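Notes to accompany the following structure.
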Amino acid sequence: RDTSIYFLVDMDKIRFKLKKWVKRKNKRTFNFLKRIDYEVSRYFVGLEKYIIIQFIEYTVIFFIIGHPYYLLLGVLCSFTTIIPYFGGIATNIVASITAFIVSPALFVRTVITFFLLSSLDSYVINPHVYGKTNSIHPLITIFALFAGGIIFGLMGVLISFPLAIFVVTLLKFYKDDISEGLDKIKEGKKSEKSA
């Protein structure tokens, strides 16, 4: 516990010393770590923006349609944004159940609202915010979420998207090295067949 507090307090010093050490050891690895740091920080900047947008959007809209728990739903939606795609679904289910208990008319307004908001989020806001921060294909995101959830449970779901960013950046950064290695393997197999 004390170690984690130390890391949080001295994180900038640790990052600086690590960068300095890696830069001395291997320039290419240093450039790779710089790229990873850049991509992950861009993800978190986009996530912060999206959380704020989600909170404002859902709180205001649920207030307008007359949902008694509009503020709670806004907070819930903004926190569940950490889990891409599925966080919003969970919030909409909670909103629908609570609206159904209050009145059938509110339930209908809530269902219509979350269909409209889901479309707005999926096709306008989410691509606009994350499109400017990270270029990860949605299928990779969904696969990472499922794999993280199956392997590590809730913690896996939370770390799956940053980990997917890491893996995609790794593959892009070392793409030429991977291609060269595969070509050498193919050439080695051809020379074994001809010998």
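Just so we're clear, the structure is a prediction, and the values are computed from it rather than from any experiment.
In this structure, T59 contributes its side chain and I56 its backbone to no donor-acceptor pair below 3.5 Å. Between the H67 side chain and the L106 main chain, no donor and acceptor come within less than 3.5 Å of each other. No donor-acceptor distance shorter than 3.5 angstrom exists from the side chain of T29 to the backbone of K25, with no hydrogens or angles considered.
Atom CG of L18 sits about 10.0 Å away from atom CZ of F30, to the nearest 0.5 Å. Note that the CZ atom of F79 and the CD1 atom of I51 stand 7.5 Å from one another [nearest 0.5 Å]. If you take CZ on F62 and CG on L72, they are separated by 10.5 Å, rounding to the nearest 0.5 Å. Annotation: the span from E39 atom CD to F44 atom CZ amounts to 13.0 Å, rounded to 0.5 Å. Atom CD in Q54 sits 4.0 Å away from atom SG in C77 (nearest 0.5 Å). Atom CD1 of I64 is separated from atom OG1 of T113 by 9.0 Å, given to the nearest 0.5 angstrom.
Evaluated for a side-chain contact (heavy atoms from CB on, under 4.5 Å) with N31, the options R35, K27, R28 yield exactly one hit, K27.
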Is there a ring pair (Phe, Tyr, Trp, His ring centres under 6.0 Å) between F107 and F100? Walk through the geometry before answering.
CA-CA 5 Å; F107 174 73; F100 187 75; 5.3 Å; yes

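Residue-environment remark: CZ (F32) exceeds the threshold of 12 foreign heavy atoms within 6.0 Å. Around the OH atom of Y69, the shell of radius 6.0 Å holds no more than 12 heavy atoms that belong to other residues, nucleotides or ligands.
Connection of I93 to I101 is established within a shared hydrophobic cluster, with ILVMFWY side chains joined at heavy-atom distances below 4.5 Å, either directly or through further cluster members. When hydrophobic clusters are built by joining Ile, Leu, Val, Met, Phe, Trp and Tyr residues whose side-chain heavy atoms come closer than 4.5 Å, directly or via intermediates, Y70 is grouped together with V75. A chain of hydrophobic side-chain contacts below 4.5 Å, direct or via other Ile, Leu, Val, Met, Phe, Trp or Tyr residues, connects W21 to L33. Using a 4.5 Å cut-off between side-chain heavy atoms of Ile, Leu, Val, Met, Phe, Trp and Tyr, with links allowed through other members, I97 and V108 fall into different hydrophobic clusters. Both L73 and F63 belong to a single network of hydrophobic side chains, linked directly or stepwise wherever heavy atoms of I, L, V, M, F, W or Y lie under 4.5 Å apart.
The closest side-chain heavy-atom distance from S78 to Y58 is not below 4.5 Å. K172 is listed as a side-chain neighbour of V168, based on a closest heavy-atom distance under 4.5 Å.
In terms of heavy atoms, A144 sits closest to A164 at CB-CB, 3.9 Å.
Inspection of the S96 and T110 side chains reveals no N or O donor paired with an N or O acceptor under 3.5 Å.
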